[in-house]
Amino acid sequence: MPSFADFDRRHYRTVDVTSGYDGWAPTYEQTVLDEMDLALLGRLRRLDPGRVRRAADLGCGTGRTGAWLRKHGISHIDGVDMSPGMLEQAIQRGAHTTLTEGDVRATGLTEGAYDLVIASLIDEHLPELAPLYAEAWRLAAPGALCVLVSYHPQFIMVSGMPTHYTGASGEPVAISTHLHLFSEHMSAGLAAGWVLTEVAEALVDDAFLTRKPKWADLRGHPFTMATVWSRPGFQP
């Protein structure tokens with residue numbers, strides 16, 4: 001499989017995930033756009049928040065996804081993230097029922113307790129996808145959904161841009177980034193037992209370019225994608 005290093009055009013200094021997101025936490029909300037992830041969630045036909053009693057928000061970050069879920073009527077949301085700095089932001093936001101510092105591949109959350117397991121813009125930090133899909137399966141109740149919002153592999157390959165932020169000194173800092181093809185998502189999800197039920201993609205369009213005009217050369221390219229998986233079984 002290709003590696004992100006094969007496409008990296010920036011060659012920024014790279015830090016580990018926890019250090020990177022701790023450093024990014026104070027400015028994260030000013031740099032991440034809703035068009036990257038929340039807009040995609042709103043387009044999903046299979047995601048019906050009204051049927052979700054409990055959600056697990058893996059890699060919950062500052063609580064953006066949790067706030068979206070709560071706004072759409074989900075009252076119990078358990079968040080997990082490995083960055084204390086991001087969790088502090090999520091605590092202040094107050095969207096989650098509980099927040100736990102931990103790894104999305106081994107959350108410690110209750111097995112089979114969730115109608116929805118969701119993760120947004122985190123899989124590029126995992127060397128392998130199988131542990132994430134397996135943990136989501138462990139957490140999911142029969143009939144539950146797993147929703148994963150990811151940077152599109154084509155965008156990563158064409159742009160050659162790692163996940164990064166600007167540090168306090170003004171230096172761009174990359175956070176350890178991995179490239180995962182769609183086939184890797186399919187293989188990992190199916191191996192865990194999930195059934196793929198929906199896929200959506202967001203393109204770099206005119207509306208997006210009003211916020212990110214420097215990306216004009218990427219007009220029309222897919223930017224992020226959402227996959228919706230279901231766990232077979234009865235859900236009342």
Side-chain angles (χ1 to χ4, degrees), residues 21 24-25 27-52 55-75 77 79 81 86 89-90 93-96 104 115-126 129 132 136 144-159 161-165 175 177 179-182 185 189 196-230:
Y21 279 98
W24 195 1
T27 59
Y28 186 83
E29 293 290 329
Q30 288 75 55
T31 54
V32 175
L33 308 180
D34 290 354
E35 289 84 355
M36 296 178 174
D37 52 355
L38 302 184
L40 261 181
L41 294 180
R43 287 171 46 194
L44 297 176
R45 294 171 294 176
R46 289 281 298 166
L47 176 56
D48 180 3
R51 298 187 63 188
V52 176
D57 182 8
L58 307 188
C60 62
T62 60
R64 294 176 66 256
T65 301
W68 188 93
L69 295 173
R70 188 165 290 277
K71 178 182 177 182
H72 288 80
I74 300 175
S75 59
I77 309 163
D81 201 282
M86 298 292 272
Q89 299 292 323
R93 190 174 225 130
H96 293 85
V104 298
D115 309 303
L116 171 65
V117 182
I118 190 166
S120 184
L121 305 181
I122 67 164
D123 62 277
E124 80 273 16
H125 299 306
L126 303 176
L129 295 177
L132 173 63
L145 294 181
C146 173
V147 176
L148 188 64
V149 180
S150 312
Y151 287 108
H152 201 290
Q154 181 178 331
F155 174 82
I156 294 176
M157 296 164 82
V158 170
S159 71
M161 183 166 54
T163 298
H164 67 281
Y165 70 101
I175 302 173
T177 299
L179 172 64
H180 297 299
L181 301 181
F182 184 71
H185 284 276
L196 184 65
T197 58
E198 186 177 3
V199 178
E201 295 168 303
L203 305 182
V204 178
D205 57 14
D206 289 338
F208 191 94
L209 290 173
T210 61
R211 306 287 300 276
K212 294 281 190 180
K214 292 182 179 180
W215 291 11
D217 289 346
L218 296 171
R219 184 192 306 271
H221 285 277
F223 177 52
T224 51
M225 65 181 187
T227 50
V228 182
W229 304 81
S230 64

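In this chain, numbering begins with 1 at the start of the sequence shown.
No side-chain heavy atom of Trp68 sits less than 4.5 Å from a side-chain heavy atom of Asp37. With contacts defined as side-chain heavy-atom distances shorter than 4.5 Å, the pair Leu47/Val228 does not qualify. Within the 4.5 Å cutoff, no side-chain heavy atoms of Leu41 are placed close to those of His72. Taking the side chain as every heavy atom from C-beta outward, Leu69 and Val52 never approach each other to under 4.5 Å. Residues Trp229 and Val117 have side chains not in contact (no heavy-atom distance under 4.5 Å, counting atoms from C-beta outward). The closest side-chain heavy-atom distance from Arg93 to Glu29 is below 4.5 Å. Looking only at side-chain heavy atoms (C-beta outward), Val32 and Thr62 stay at 4.5 Å or farther from each other.
For the atom pair NE2 (His180) and CG (Leu129), the distance works out to 4.0 Å, reported to the nearest 0.5 Å. Rounding to the nearest 0.5 Å gives a distance of 12.5 Å between CD of Gln89 and CZ of Arg64. In this structure, CD in Glu35 is found 10.5 Å from NZ in Lys212, a value given to the nearest 0.5 Å. To the nearest 0.5 Å, atom CZ of residue Arg51 and atom CD1 of residue Ile74 are 12.5 Å apart. Rounded to the nearest 0.5 angstrom, Leu218 CG and Phe208 CZ are separated by 9.0 Å. Atom CG of Leu40 and atom CG of Asp34 lie 11.5 Å apart (nearest 0.5 Å).
Considering all non-hydrogen atoms of both residues, Met161 and Phe155 come closest at CE-CZ, 3.5 Å. Smallest separation of non-hydrogen atoms from Leu145 and Ser230: CD2-CB, 3.8 Å. Minimum heavy-atom separation, Leu203 to Pro222: CD2-CA, 3.5 Å. Taking both residues in full, the closest heavy atoms of Val204 and Trp215 are given as CG1-O, 4.2 Å, listed atom of the first, atom of the second, then distance. Residues Ala144 and Leu116 come closest through the heavy atom pair CB-N, 4.5 Å. Annotation for Leu44 and Ala226: closest pair CD2-CB, 4.0 Å, computed over non-hydrogen atoms.
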- Message: Applying side-chain contact (heavy atoms from CB on, under 4.5 Å) to Tyr151 and Thr163, what does each step give before you reach the verdict?
- Response: CA-CA 10 Å; Tyr151 287 108; Thr163 298; 4.0 Å; yes
- Message: side chain to side chain donor-acceptor pair (under 3.5 Å), that's the test. Do Asp57 and His96 meet it? Break it down for me.
- Response: CA-CA 9 Å; Asp57 182 8; His96 293 85; 2.9 Å; yes
- Item | side-chain contact (heavy atoms from CB on, under 4.5 Å) between Tyr28 and Met86, intermediate numbers included | CA-CA 9 Å; Tyr28 186 83; Met86 298 292 272; 3.8 Å; yes
- Stepwise, does the side-chain contact (heavy atoms from CB on, under 4.5 Å) test hold for His221 with Ser159? CA-CA 10 Å; His221 285 277; Ser159 71; over 6 Å; no
- Start with the C-alpha distance between Thr65 and Ile77, add both sets of side-chain angles, then the distance that settles side-chain contact (heavy atoms from CB on, under 4.5 Å), and finish with yes or no. CA-CA 10 Å; Thr65 301; Ile77 309 163; over 6 Å; no
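Other residues, nucleotides and ligands contribute at most 12 non-hydrogen atoms within 6.0 Å of the CZ atom of Arg211.
Under the 3.5 Å distance criterion, the side-chain polar atoms of Asp81 are matched with a main-chain donor or acceptor of Gly61. Under a 3.5 Å cut-off, the side chain of Arg70 and the backbone N or O of Ser75 do form a donor-acceptor pair. At least one donor-acceptor pair under 3.5 Å links the side chain of Thr224 to the backbone N or O of Met36.
Ring planes of Trp24 and Tyr165: parallel class, angle under 30° (limits at 30 and 60°).
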